[in-house]
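These numbers were taken from a predicted model, which means no experiment stands behind them.
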Amino acid sequence: QVQLAESGGGLVQAGGSLRLSCAASYNTGSINTMNWYRQAPGKQRALVARINRDGSINYADSVKGRFTISRDNAERTVYLQMNSLKPEDTAVYYCNVQWSVVASIWYDYWGQGTQVTVSS
(Lines give C-alpha, C1' and ligand atoms only; values in the text may rest on other atoms or scores of the structure.)
Protein backbone atom coordinates (compact mmCIF):
# COMPACT_ATOMS: atom_id res chain seq x y z
CA GLN A 1 0.00 0.00 0.00
CA VAL A 2 3.04 2.27 -0.25
CA GLN A 3 4.69 3.51 -3.41
CA LEU A 4 8.09 5.17 -3.28
CA ALA A 5 9.47 7.53 -5.90
CA GLU A 6 13.14 8.44 -5.73
CA SER A 7 14.98 11.28 -7.41
CA GLY A 8 18.14 13.34 -7.12
CA GLY A 9 20.92 11.02 -8.16
CA GLY A 10 23.57 11.98 -10.63
CA LEU A 11 27.24 12.41 -11.39
CA VAL A 12 29.34 14.75 -9.27
CA GLN A 13 33.00 15.36 -8.62
CA ALA A 14 34.59 14.46 -5.32
CA GLY A 15 33.75 17.09 -2.74
CA GLY A 16 30.46 17.93 -4.39
CA SER A 17 26.93 17.59 -3.09
CA LEU A 18 23.67 15.95 -4.03
CA ARG A 19 20.26 15.79 -2.43
CA LEU A 20 18.16 12.67 -2.81
CA SER A 21 14.41 12.70 -2.35
CA CYS A 22 11.96 9.88 -1.78
CA ALA A 23 8.22 10.51 -1.80
CA ALA A 24 5.97 7.94 -0.16
CA SER A 25 2.41 7.64 -1.41
CA TYR A 26 -0.18 5.93 0.75
CA ASN A 27 -3.72 6.56 1.95
CA THR A 28 -3.90 4.54 5.14
CA GLY A 29 -1.61 3.28 7.83
CA SER A 30 1.52 4.89 9.14
CA ILE A 31 5.26 4.82 8.62
CA ASN A 32 7.64 3.68 11.29
CA THR A 33 11.08 4.38 9.87
CA MET A 34 12.32 6.03 6.71
CA ASN A 35 15.71 4.92 5.54
CA TRP A 36 18.36 5.28 2.90
CA TYR A 37 20.41 2.30 1.84
CA ARG A 38 23.08 2.04 -0.80
CA GLN A 39 24.61 -0.74 -2.81
CA ALA A 40 27.97 -0.26 -4.45
CA PRO A 41 28.97 -2.41 -7.42
CA GLY A 42 29.72 -5.93 -6.30
CA LYS A 43 28.90 -5.18 -2.67
CA GLN A 44 26.07 -5.82 -0.25
CA ARG A 45 23.32 -3.32 0.32
CA ALA A 46 24.09 -1.29 3.44
CA LEU A 47 22.17 1.14 5.61
CA VAL A 48 23.27 4.75 5.18
CA ALA A 49 20.85 6.71 7.34
CA ARG A 50 17.63 6.20 9.22
CA ILE A 51 15.05 8.56 10.65
CA ASN A 52 12.64 7.08 13.15
CA ARG A 53 9.06 7.96 13.90
CA ASP A 54 10.10 10.04 16.91
CA GLY A 55 12.57 11.98 14.78
CA SER A 56 15.68 10.32 16.09
CA ILE A 57 18.34 9.67 13.49
CA ASN A 58 21.02 7.08 12.89
CA TYR A 59 23.89 7.24 10.41
CA ALA A 60 26.42 4.80 9.15
CA ASP A 61 29.87 5.67 10.45
CA SER A 62 31.11 6.19 6.91
CA VAL A 63 28.77 9.13 6.29
CA LYS A 64 28.61 10.83 9.69
CA GLY A 65 29.32 14.52 9.39
CA ARG A 66 28.75 14.51 5.64
CA PHE A 67 25.20 13.26 5.08
CA THR A 68 21.97 14.53 6.60
CA ILE A 69 18.66 12.71 6.56
CA SER A 70 15.43 14.65 7.03
CA ARG A 71 11.72 14.42 6.34
CA ASP A 72 8.86 16.76 5.57
CA ASN A 73 6.16 17.73 8.04
CA ALA A 74 3.74 15.14 6.72
CA GLU A 75 6.40 12.47 7.07
CA ARG A 76 5.76 11.38 3.52
CA THR A 77 9.01 12.53 1.95
CA VAL A 78 12.48 11.66 3.13
CA TYR A 79 15.61 13.45 1.97
CA LEU A 80 19.28 12.68 2.04
CA GLN A 81 21.57 15.67 1.75
CA MET A 82 25.00 14.41 0.75
CA ASN A 83 27.95 16.74 1.10
CA SER A 84 31.68 16.25 0.70
CA LEU A 85 31.04 13.29 -1.53
CA LYS A 86 33.79 10.76 -2.03
CA PRO A 87 34.33 8.25 -4.82
CA GLU A 88 33.56 5.48 -2.34
CA ASP A 89 30.05 6.92 -2.00
CA THR A 90 29.35 5.76 -5.54
CA ALA A 91 26.41 3.39 -5.37
CA VAL A 92 22.77 2.91 -6.14
CA TYR A 93 20.85 4.56 -3.33
CA TYR A 94 17.55 3.05 -2.24
CA CYS A 95 14.79 4.58 -0.21
CA ASN A 96 13.17 2.22 2.26
CA VAL A 97 10.19 2.61 4.58
CA GLN A 98 8.44 0.43 7.11
CA TRP A 99 4.67 0.88 6.96
CA SER A 100 1.83 -0.57 8.98
CA VAL A 101 -1.94 -0.44 9.18
CA VAL A 102 -1.95 -2.81 12.15
CA ALA A 103 0.18 -1.90 15.12
CA SER A 104 2.16 -5.12 15.35
CA ILE A 105 2.50 -5.91 11.64
CA TRP A 106 4.98 -3.92 9.56
CA TYR A 107 5.75 -4.09 5.85
CA ASP A 108 8.98 -3.18 4.14
CA TYR A 109 8.89 -1.09 0.95
CA TRP A 110 11.74 -0.17 -1.37
CA GLY A 111 12.20 2.55 -3.92
CA GLN A 112 13.49 1.86 -7.40
CA GLY A 113 16.98 3.13 -6.63
CA THR A 114 18.85 6.15 -7.91
CA GLN A 115 22.43 6.11 -9.14
CA VAL A 116 25.00 8.31 -7.43
CA THR A 117 28.39 8.46 -9.09
CA VAL A 118 31.27 10.43 -7.59
CA SER A 119 34.29 10.97 -9.79
CA SER A 120 37.78 11.36 -8.40
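Between the T90 side chain and the V118 main chain, a donor and an acceptor come within less than 3.5 Å of each other. Within the 3.5 Å criterion, the main-chain N or O of Q1 finds a donor-acceptor partner in the side chain of Y109. A donor-acceptor pair under 3.5 Å links the side-chain atoms of S100 to the main chain of I105, judged by distance alone.
Note on W106: it does not cluster hydrophobically with W99, by side-chain heavy-atom contacts below 4.5 Å among ILVMFWY residues. If you chain together hydrophobic residues whose side chains sit under 4.5 Å apart, L80 and L11 never meet in one group. Residues W36 and L47 do not share a hydrophobic cluster, defined by chaining ILVMFWY side chains whose heavy atoms lie under 4.5 Å apart. There is no path of hydrophobic side-chain contacts, each under 4.5 Å, that joins V116 to Y79. Note on Y37 and I31: separate hydrophobic clusters, where clusters join Ile, Leu, Val, Met, Phe, Trp and Tyr whose side-chain heavy atoms are under 4.5 Å apart, directly or indirectly.
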Subject >> M82 and V63: CA distance, side-chain angles, deciding distance, side chain to side chain contact (heavy atoms under 4.5 Å, CB included) verdict >> reply: CA-CA 9 Å; M82 304 185 295; V63 306; over 6 Å; no
**OP:** Given side chain to side chain contact (heavy atoms under 4.5 Å, CB included), test S62 with E88 step by step and report yes or no.
**Re:** CA-CA 10 Å; S62 59; E88 51 262 45; over 6 Å; no
Original post:
Can V97 and Y107 be said to form a side chain to side chain contact (heavy atoms under 4.5 Å, CB included), step by step?
Top reply: CA-CA 8 Å; V97 303; Y107 299 88; over 6 Å; no
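Residues M34 and I69 are not in side-chain contact: their nearest non-hydrogen atoms beyond the backbone lie 4.5 Å or more apart.
The number of heavy-atom neighbours closer than 6.0 Å to CD of Q3, taken from other residues, nucleotides and ligands shown, is 12 or below. Within a 6.0 Å radius of CG in N27, other residues, nucleotides and ligands contribute 12 heavy atoms or fewer.
Contact between V48 and F67 at its shortest, heavy atoms only, is CG1-CD2, 3.6 Å. A pairwise comparison of heavy atoms in V92 and Q115 identifies CG2-OE1, 3.3 Å as the closest pair. A pairwise comparison of heavy atoms in S120 and P87 identifies CB-CG, 3.8 Å as the closest pair. Nearest approach of N52 to I57, heavy atoms of both residues: ND2-N, 4.3 Å.
In summary, D61 and K64 engage in a salt bridge, as defined by a charged side-chain N under 4.0 Å from a carboxylate O.
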Without placing hydrogens or testing angles, list every side-chain donor-acceptor pair under 3.5 Å for residues 12-26, not counting sequence neighbours.
from: S17; atom 1: OG; to: N83; atom 2: OD1; distance (Å): 2.8

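With hydrogens and angles left out, the side-chain atoms of R50 and N35 include a donor and acceptor closer than 3.5 Å.
The aromatic rings of W110 and Y94 lie perpendicular to each other, with more than 60° between the two planes, well past the 30° mark.
Remark: K43 pairs with no residue by the salt bridge (charged side-chain N to carboxylate O under 4.0 Å, His left out) rule, at least two apart or across chains.
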